[in-house]
**Q** 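This is the structure I have questions about; it appears just below.
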Amino acid sequence: MARRLLTLATFNVNGIGARLPHLLAWLAREKPDVVALQELKALDAAFPVAELEAAGYGALWQGQRSWNGVALLGRGVVPVESRRGLPGDAKDTQSRYLEAAVHGVLVAAIYAPNGNPQPGPKFDYKLRWMQRLARHARTLAGQPVPVALLGDFNVVPTDADIYDPKGWRRDALLQPEAREAYRDLLAQGWTDALHQVHGDAPVFTFWDYFRQHAERDRGLRIDHLLLNPVLAATLKDAGVHRWVRLQEKASDHAPTWARVAAPARR
DNA sequence: ATGGCTGGCGACGCCAGA
């Protein structure tokens, strides 16, 4: 018997207030089952829960004034929260991690620090945050249930994942330490869904607002879907909904997705 | 080597993004 498929997606909206029309249009057209959002740039009270409910999505969110902010959406269901915030630093108040069970998959919404300028305190924070992520992700990778880390990792994994590696070589997103942190994650057993499906063919998820880079497909791959071995075994396809990035007043990121088998009900 | 564009904040210019 063929099993139902599930579409997992991650979308850095760059302001939920400014991007709600784009988000709703994308949900209506692509109907993803599980969605991680980043960069809400809004307080909890400003999260558009009613509009999302009307669109058929249950939501869980962790906002913050002006910056950061993550959320999880479930098509037809409210995600069941398992963790709010990354462990390892009680003084870190930035809203960058939210974890819940959605449609039988344990999913984390991740917004890793940008880290620019580097070197400097922001880059140090980026690396410390990635270490904390690795420590927690290790406890999730080997779980005998499907687990996915969905988010903006703010790491360009290799020079094949950017249109101009030379022009960006000093950027925090390309630094060897950042790339090593990402490789360390993968070494725990996570599968990078987009890379698994497309290999080294360039598939970008972010295009900056300058020089018509979106139209010219001069982008970076920084939004990633990492699947633990249980879930990776059911991976069917992965891609990027670039049409969203080509809309008027779009986010600088596009929704990135992976199709997997829906876990059997237990 | 730099600046280019955008959202949020809060009131015109600044910070942060990547």
Side-chain angles (χ1 to χ4, degrees), chain A residues 10-24 26 36-48 51 61-71 92-97 109-127 129-130 133 150-179 181-182 194 202-224 240 242 244-256:
Chain A
T10 179
F11 183 20
N12 180 323
V13 293
N14 187 17
I16 189 78
R19 222 65 64 198
L20 186 58
H22 297 75
L23 175 60
L24 294 176
W26 170 63
L37 302 177
Q38 302 85 28
E39 282 209 85
L40 303 180
K41 293 183 168 181
L43 292 167
D44 281 340
F47 188 83
E51 290 86 342
W61 61 97
Q62 185 193 28
Q64 179 183 336
R65 179 182 291 278
S66 302
W67 299 298
N68 309 322
V70 286
D92 184 0
T93 57
Q94 300 191 25
S95 296
R96 297 182 176 277
Y97 188 91
I110 286 171
Y111 178 49
N114 171 302
N116 281 304
Q118 74 81 31
K122 293 192 175 183
F123 191 67
D124 296 341
Y125 172 66
K126 177 190 185 81
L127 296 183
W129 199 92
M130 291 300 283
L133 176 62
L150 312 177
D152 176 356
F153 287 72
N154 268 318
V155 176
V156 175
T158 73
D159 281 355
D161 298 302
I162 181 168
Y163 70 98
D164 177 15
K166 285 200 177 76
W168 288 70
R169 72 185 185 283
R170 299 174 70 172
D171 192 279
L173 280 56
L174 279 74
Q175 293 315 297
E177 299 94 325
R179 288 176 161 176
Y182 188 73
L194 219 57
V203 180
F204 303 134
T205 69
F206 165 90
W207 304 258
D208 67 31
Y209 288 119
F210 309 121
R211 298 163 175 253
Q212 294 190 292
H213 278 166
E215 292 78 359
R216 297 159 61 205
D217 199 19
R218 293 168 74 79
L220 287 62
R221 189 171 77 92
I222 55 177
D223 300 276
H224 306 305
V240 178
R242 189 154 87 97
V244 178
R245 179 64 181 86
L246 298 173
Q247 303 292 107
E248 286 293 314
K249 304 282 288 179
S251 167
D252 38 10
H253 297 250
T256 305

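Note that this is a predicted model, so its numbers are computed, not measured. Residue numbers begin at 1 in each chain, while the letters A, B, ... track the order of the sequences.
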**Q** Would you please classify the geometry between the A/Phe11 ring and the A/Trp26 ring as parallel, tilted or perpendicular, with 30° and 60° separating the classes?
**A**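 Rings of A/Trp26 and A/Phe11: perpendicular, over 60°.
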**Q** Between A/Arg211 and A/Gln64, just flag the one whose closest nucleotide in DNA chain B comes earlier from the 5' side.
**A** A/Arg211
**Q** Counting runs of three or more consecutive pairs, Watson-Crick or G-U wobble, with each distance below 3.5 Å, where are the stems of DNA chain B?
**A** B:5-9 with B:13-17
**Q** Distances under 3.5 Å only, N/O to N/O: pair up the protein atoms with those of nucleotides 15-18 of chain B.
**A**
from	atom 1	to	atom 2	distance (Å)
B/dG17	O3'	A/Glu39	OE2	3.4
B/dA18	OP1	A/Asn12	ND2	3.3
B/dA18	OP1	A/Glu39	OE2	2.6
B/dA18	OP1	A/Asp152	OD2	3.4
B/dA18	OP1	A/His253	NE2	3.4
B/dA18	OP2	A/Tyr111	OH	2.8
B/dA18	OP2	A/Asn154	ND2	3.2
B/dA18	N9	A/Asn114	ND2	3.2
B/dA18	N7	A/Asn114	ND2	3.0

**Q** What integer number of Å spans the C1' atoms of B/dA1 and B/dC14?
**A** 23 Å
**Q** Is there a side-chain hydrogen bond (donor to acceptor under 3.5 Å, both in side chains) between A/Tyr97 and A/Asp92? Walk through the geometry before answering.
**A** CA-CA 11 Å; A/Tyr97 188 91; A/Asp92 184 0; over 6 Å; no
**Q** Do A/Tyr163 and A/Asp217 have side-chain heavy atoms sitting under 4.5 Å apart?
**A** no
**Q** Is there a side-chain hydrogen bond (donor to acceptor under 3.5 Å, both in side chains) between A/Thr205 and A/Asp223 once you walk through the steps?
**A** CA-CA 6 Å; A/Thr205 69; A/Asp223 300 276; 2.7 Å; yes
**Q** For residues A/Trp129 and A/Gln94, determine if any side-chain heavy atom of one lies less than 4.5 Å from a side-chain heavy atom of the other.
**A** no
**Q** Going through the checks in order, is the side-chain contact (heavy atoms from CB on, under 4.5 Å) test met by A/Leu133 and A/Arg96?
**A** CA-CA 11 Å; A/Leu133 176 62; A/Arg96 297 182 176 277; over 6 Å; no
**Q** Evaluate the side-chain proximity of A/Lys122 to A/Asn114: yes if any heavy-atom separation is below 4.5 Å, no if none is.
**A** no
**Q** In whole Å, what is the span from the CZ atom of A/Arg65 to the P atom of B/dG7?
**A** 19 Å
**Q** In this structure, how many angstroms lie between the P atom of B/dG8 and the CD atom of A/Gln38, rounded?
**A**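 Going from A/Gln38 (CD) to B/dG8 (P), I get 16 Å.
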**Q** May I have the distance from A/Asp164 (atom CG) to B/dG4 (atom C1'), rounded to whole angstrom?
**A**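 After rounding, the reported distance stands at 15 Å.
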**Q** Using side-chain contact (heavy atoms from CB on, under 4.5 Å) as the criterion, list what pairs up with A/Thr158, not counting sequence neighbours.
**A** A/Ala160, A/Asp161
**Q** P atom, B/dA18 versus B/dG7: distance in rounded Å?
**A**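 It works out to 14 Å between them.
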**Q** Checking side-chain contact (heavy atoms from CB on, under 4.5 Å) for the pair A/Arg216/A/Arg211: CA distance, chi angles, key distance, verdict?
**A** CA-CA 9 Å; A/Arg216 297 159 61 205; A/Arg211 298 163 175 253; 3.7 Å; yes
**Q** Rounded to whole angstrom units, what separation is found between the CZ atom of A/Phe47 and the C1' atom of B/dG8?
**A**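 Spelled out: CZ on A/Phe47 to C1' on B/dG8 is 17 Å.
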**Q** Distance check, P atoms only: B/dA11 and B/dC15, in whole angstrom units.
**A**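 Going atom to atom, P in each nucleotide, I get 15 Å.
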